[in-house]
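Values reported hereafter were calculated over all heavy atoms of this structure, with side chains retained and with hydrogens, waters and symmetry mates removed. Numbering starts at 1 and runs along the sequence shown.
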Amino acid sequence: MAETKTPSPLPPLPVWQARSTWAQALLVASVVANAAGIDLFGALAEIGLGTSPDQVVETGVTIWQTVAPVAFGLWAWLERRAPSYQLVWPWTSDSGHT
């Protein structure tokens with residue numbers, strides 16, 4: 001039996017234009033940076049947020065590195081729990097409509 005698609009009542013939106021996609025990308029980037037041990041302290045010290053790790057810590061960087069994955073994940077979840085658009089991949093021919 002052939003499965004028939006029902007049209008979505010939501011207007012289509014390309015995946016790359018959705019805020020939830022960017023939130024998920026930032027979530028993955030922050031987790032990978034933390035797992036890889038990328039040190040933000042050195043980069044932030046170079047731009048003037050402190051000359052020692054202790055001074056950089058006082059700016060809240062360690063708190064941000066800890067909280068960022070949770071914040072980005074929560075943002076992505078909030079964006080998609082009550083969608084206003086149907087996310088579609090740009091290479092699909094029907095763009096979400098049948």
Side-chain angles (χ1 to χ4, degrees):
M1 234 190 257
E3 185 178 322
T4 58
K5 289 185 178 179
T6 56
S8 173
L10 299 174
L13 179 72
V15 164
W16 60 273
Q17 289 181 351
R19 289 181 296 215
S20 60
T21 300
W22 294 107
Q24 291 173 8
L26 290 170
L27 166 67
V28 169
S30 63
V31 169
V32 168
N34 285 339
I38 294 174
D39 183 23
L40 292 179
F41 296 121
L44 294 173
E46 288 179 15
I47 62 170
L49 291 179
T51 56
S52 70
D54 290 334
Q55 289 176 341
V56 175
V57 167
E58 290 173 7
T59 65
V61 174
T62 53
I63 294 170
W64 175 248
Q65 274 191 288
T66 304
V67 175
V70 175
F72 292 137
L74 181 63
W75 177 29
W77 176 74
L78 288 171
E79 287 288 332
R80 292 311 305 161
R81 76 173 189 177
S84 299
Y85 298 96
Q86 176 187 5
L87 299 182
V88 295
W89 295 103
W91 53 81
T92 57
S93 60
D94 63 356
S95 296
H97 291 296
T98 56

Next item on the list: With the side chain counted from C-beta on, respond yes when Leu10 and Pro83 share a heavy-atom pair under 4.5 Å apart, and no when they do not.
Entry: yes
Notebook entry, point to check: Would you say Leu87 and Pro14 make side-chain contact, with heavy atoms under 4.5 Å?
Noted result: no
Listing, residues 22-33 side-chain donor-acceptor contacts under 3.5 Å, not counting sequence neighbours, or none:
residue : atom : partner : partner atom : Å
Trp22   : NE1  : Trp16   : O            : 2.8
Ser30   : OG   : Leu26   : O            : 3.1
Ser30   : OG   : Leu27   : O            : 2.8

Taking distance alone, no hydrogens or angles, what donor-acceptor pairs closer than 3.5 Å link side-chain atoms of residues 68-78 to residues at least two apart or in another chain?
residue : atom : partner : partner atom : Å
Trp75   : NE1  : Glu79   : OE2          : 3.3

Item checked: Pairwise distance CG(Leu13) to CZ(Arg19) - rounded to 0.5 angstrom -> 9.5 Å
